[in-house]
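Written out below as structure tokens is the structure these notes cover.
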Amino acid sequence: MLARQHQRLSKRGVYRFFLRRQKPLRVMLLPSDPWPGNAAAGNEILQGYITVDHKRCAVSNGNWPGDTHVPLSMHHFTWLRDLHCVGGDQARRAARRIVTHWIATHPVLASPGWDVVSTALRLVNWLQHYSFFGASAENETRHALEKSLALHDALLRRQVMALPSGYQRLLVVKGLLFAAACLQGRQVYFTRTIAMLSKELDAQIADDGSHMASSPYVQFLVLQHLVDIRALCHSFNYKQPVFLTDTIERMASIIRFLRLGDGTLPTFHGTPFVSREQIDYTIGLADANGVKPAKLQAMGLQKVQRANTVLFMDTVKPGIGTTLYHASPLAFEMSVGREKVITSVGIASGLSAAWLEAVRGTAAHSTISIDELNAADITSEAMGRRLTGIDVQRNGTVIQGCVQAVHDGYQHVFGSTMERRLQLSDDGEQLVGEDVVHGGGGHQAIIRFHLHPRIKAVFDESRRKVYLDLPSKDIWSFHALSGTLTLAESICFCQDDGIAKPTLQIVVSGNTNDGDTVFKWVLHKA
């Protein structure tokens with residue numbers, strides 16, 4: 001209701017006139033950006049190019065490129081930290097030219113980049129780097145910056161409650177906190193906005209520290225934003241709220257729990273590649289190394305670990321209502337030591353709508369599908385209608401190596417339920433899997449195991465077994481005890497360059513019968 005009301009109001013000329021009448025607000029506090037920039041990317045900007053979401057955009061002579069040619073995230077100005085990392089007058093002048101040209105060519109509400117999330121992120125990035133490009137600017141330029149910052153603040157204050165509680169509203173609250181701490185005359189609102197933050201975290205973060213989105217990536221991003229807010233409180237000489245420190249510690253413990261053996265996160269529910277170094281740095285800034293992580297599961301992701309083998313099974317239920325949810329019930333990802341072995345196709349920023357639909361599908365994950373139909377609806381309108389339940393059984397603790405789960409995503413379509421049981425041996429060198437289709441005969445079941453691109457796979461002579469050659473020189477074998485075993489081409493977004501790397505997938509397939517159709521397989525060290 002609030003969102004629709006605001007949308008109608010924003011179309012009225014009086015509303016735009018009100019926003020334009022905002023008086024400039026001087027920047028009274030210069031917060032720092034705790035996250036490192038990329039000097040190579042900064043030097044490329046000095047050469048006239050900004051790369052955002054893996055797209056290279058020209059900014060020759062400090063001119064903002066046409067909005068039809070740039071990703072929306074370019075309007076966030078996160079790339080300012082790269083110029084700041086380079087430092088010096090040339091970088092400072094380049095940042096100032098691009099920001100002021102954006103202001104001149106983007107009237108409030110009439111241009112791309114004025115959506116509420118972009119507005120909040122841009123406000124934060126401008127303030128975090130204002131000491132670099134804005135504080136020393138000429139009066140006319142500084143006046144334009146202060147006027148635009150006032151518009152940002154006014155827009156956020158009027159839109160924050162129009163958003164449903166969730167990650168986006170949290171970003172807007174963060175923007176309001178930075179405005180309250182840094183802009184002239186806004187300081188009286190800081191305590192009120194801190195209370196708003198507390199309310200949002202209560203609504204979005206579970207007792208164990210898991211974010212409601214059930215996405216490892218959202219968990220990671222929210223943790224970073226909260227670290228930003230904590231640093232802002234320190235700069236503002238505001239006593240650290242106990243709830244903020246506690247939430248950071250609990251959320252960091254979940255990130256530590258979710259890490260595979262190579263230090264990265266499993267690629268469930270919209271999680272792209274995040275490097276081990278980025279995660280280490282974030283946990284270090286969170287200063288939560290002493291907090292013990294969860295034991296068995298977090299946000300619906302089940303963890304099994306024995307020796308140096310780690311795997312996660314996805315038992316997240318749909319119903320999030322966002323584009324984050326993937327139709328991947330009972331999918332698993334697995335690492336051996338620091339080598340990722342079983343994964344998914346993954347995801348990257350800047351993908352087209354067709355690509356996003358494909359990577360969210362069941363076939364893009366290491367799980368079972370029937371007749372190539374997704375195991376769950378992935379449109380926001382239909383999400384949660386078919387897959388209504390996932391039942392999980394865990395025996396013992398995380399080190400006892402067994403997880404079993406059932407989902408009903410195919411019940412209403414084929415009369416089938418899917419069951420998967422994974423048992424990891426004590427030494428971590430053998431994984432026994434059992435996939436069972438209960439009922440619904442006359443269909444084709446397909447079980448996929450997407451391999452990381454660094455894994456080489458070949459058949460043995462019998463073609464009943466696939467040998468996996470790991471970069472560590474260890475050899476593992478995959479043996480299907482039933483069904484037809486094949487190797488097929490696949491792809492994987494396994495680096496932060498947004499490029500799909502060619503790889504292989506192991507495929508086990510067979511026809512279902514009216515009773516229980518059992519597919520048993522073994523993955524073990526040779």
Side-chain angles (χ1 to χ4, degrees), residues 260-262 264-268 271-273 309-314 326-328 330-348 351 355 358-370 372 374-375 420 422 429-433 435 444-510 519-526:
L260 288 157
D262 65 345
T264 64
L265 301 172
T267 58
F268 295 121
T271 302
F273 174 83
T309 300
V310 180
L311 69 85
F312 287 93
M313 179 192 282
D314 179 9
H326 287 210
S328 53
L330 312 192
F332 80 101
E333 298 190 18
M334 172 181 161
S335 63
V336 177
R338 292 199 171 192
E339 303 291 347
K340 190 176 286 186
V341 180
I342 306 296
T343 184
S344 72
V345 168
I347 196 170
L351 295 182
W355 264 108
V359 300
R360 293 177 64 203
T362 303
H365 299 82
S366 296
T367 188
I368 186 170
S369 64
I370 303 295
E372 298 288 16
N374 286 338
R420 166 165 277 183
L422 301 178
E429 295 185 355
Q430 177 173 280
L431 175 64
V432 177
D435 291 304
Q444 186 182 42
I446 304 173
I447 311 168
R448 290 179 168 87
F449 304 83
H450 293 273
L451 303 177
H452 191 274
R454 287 167 57 88
I455 307 299
K456 298 177 182 178
V458 293
F459 272 117
D460 73 342
E461 293 181 356
S462 69
R463 300 188 71 81
R464 294 295 304 168
K465 185 181 294 186
V466 174
Y467 287 109
L468 306 180
D469 186 0
L470 277 60
S472 64
K473 305 304 181 183
D474 285 344
I475 303 295
W476 284 61
S477 68
F478 181 96
H479 185 199
L481 304 181
S482 58
T484 301
L485 178 65
T486 58
L487 274 175
E489 295 180 347
S490 183
I491 59 169
C492 183
F493 293 97
C494 59
Q495 294 180 9
D496 60 0
D497 56 8
I499 299 174
K501 304 297 190 296
T503 187
L504 294 172
Q505 57 178 309
I506 299 171
V507 181
V508 179
S509 60
F519 298 91
K520 194 166 185 178
W521 47 268
V522 180
L523 178 61
H524 65 91
K525 188 175 181 180

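Values in this document were obtained by computation on a predicted structure and should not be read as measured data.
- Counting heavy atoms from C-beta on, the side chains of Met334 and Phe312 never come closer than 4.5 Å.
- Separation of atoms OG (Ser328) and CE (Met313) is listed at 11.5 Å; rounding is to 0.5 Å.
- If you check the side chains of Glu429 and Thr309, you find no donor sitting under 3.5 Å from an acceptor.
- Applying the salt bridge (Lys or Arg N to Asp or Glu O under 4.0 Å) rule to Asp435 yields the partners Arg420; only residues at least two apart in sequence or on another chain are considered.
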Checklist entry - Is there a side-chain contact (heavy atoms from CB on, under 4.5 Å) between Leu311 and Ile342 once you walk through the steps? => result CA-CA 9 Å; Leu311 69 85; Ile342 306 296; over 6 Å; no

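- Among residues two or more places apart in sequence or in another chain, the side chain to side chain contact (heavy atoms under 4.5 Å, CB included) test is passed with Thr271 by Ser215, Pro216, Tyr217, Leu265.
- A 4.5 Å side-chain heavy-atom check between Glu339 and His452 finds every atom pair outside the cut-off.
- With sequence neighbours excluded, the residues satisfying side chain to side chain donor-acceptor pair (under 3.5 Å) with Ser477 are His524.
- For Asp474, the salt bridge (Lys or Arg N to Asp or Glu O under 4.0 Å) criterion is met by Lys525, not counting sequence neighbours.
- For the pair Val507 and Leu487, the minimum side-chain heavy-atom distance is 4.5 Å or more.
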Item to check | Trace of the side-chain contact (heavy atoms from CB on, under 4.5 Å) decision for Ile368 with Leu330 | outcome: CA-CA 8 Å; Ile368 186 170; Leu330 312 192; 5.7 Å; no

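- The nearest pair of heavy atoms linking Leu451 to Ala457 is CD1-CB, 3.6 Å.
- By the 4.5 Å heavy-atom criterion applied to side chains, Val458 and Val466 are not counted as neighbours.
- The salt bridge (Lys or Arg N to Asp or Glu O under 4.0 Å) search around Glu489 returns none, not counting sequence neighbours.
- Not counting sequence neighbours, the partners of Arg464 by the side chain to side chain contact (heavy atoms under 4.5 Å, CB included) test are Ser462, His479, Ala480.
- With sequence neighbours excluded, no residue forms a side chain to side chain donor-acceptor pair (under 3.5 Å) with Ser366.
- Here Arg360 pairs with nothing under the salt bridge (Lys or Arg N to Asp or Glu O under 4.0 Å) rule; sequence neighbours left out.
- Nearest heavy atom pair, residue Ile446 against residue Gln444, reads CD1-OE1, 3.7 Å.
- Aromatic ring orientation, Phe478 versus Trp521: parallel (interplanar angle below 30°, classes split at 30° and 60°).
- Looking at Ser369 and Arg448, their side chains come closer than 4.5 Å, going by heavy atoms from C-beta outward.
- The shortest heavy-atom contact between Ala348 and Gly498 is CB-CA, 3.9 Å.
- Closest approach of Ala327 and Thr362 over heavy atoms only: O-OG1, 2.8 Å.
- No donor-acceptor contact under 3.5 angstrom links the side chains of Ser509 and Thr484, judged on distance only.
- Heavy atoms only, all atoms of each residue included: Ala364 and Ala358 are closest at CB-O, 3.6 Å.
- Atom CG of residue Leu468 and atom CZ of residue Phe449 lie 11.0 Å apart, to the nearest 0.5 angstrom.
- Distance alone, capped at 3.5 Å, places no donor-acceptor pair between the His365 side chain and the Thr367 backbone.
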Item to check | Working for side-chain contact (heavy atoms from CB on, under 4.5 Å), residues Leu485 and Arg463 | outcome: CA-CA 7 Å; Leu485 178 65; Arg463 300 188 71 81; over 6 Å; no

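- In this structure, OG in Ser344 is found 12.0 Å from CZ in Phe332, a value given to the nearest 0.5 Å.
- In this structure, the side chain to side chain contact (heavy atoms under 4.5 Å, CB included) partners of Ser490, at least two apart in sequence or on a different chain, are Val345, His450, Thr503, Gln505.
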Checklist entry - Going through the checks in order, is the side-chain contact (heavy atoms from CB on, under 4.5 Å) test met by Val432 and Leu523? => result CA-CA 6 Å; Val432 177; Leu523 178 61; over 6 Å; no

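- Scanning for side chain to side chain donor-acceptor pair (under 3.5 Å) contacts around Trp476 gives an empty result, with sequence neighbours left out.
- Here NE2 of His326 is found 11.0 Å from CG of Asn374. Values are rounded to the nearest 0.5 Å.
- Here the CZ-CG distance, from Phe273 to Asp496, works out to 6.0 Å after rounding to the nearest 0.5 Å.
- Here the closest non-hydrogen pair linking Gly261 and Ser335 is N-OG, 2.8 Å.
- Between the CD1 atom of Ile506 and the CD1 atom of Ile455 there is a distance of 10.0 Å, given to the nearest 0.5 Å.
- Partners of Asp497 according to the side chain to side chain contact (heavy atoms under 4.5 Å, CB included) rule, which considers only residues two or more places apart in sequence or in another chain, are Gln495, Ile499, Lys501.
- For Phe493, the ring pair (Phe, Tyr, Trp, His ring centres under 6.0 Å) criterion is met by Trp355, not counting sequence neighbours.
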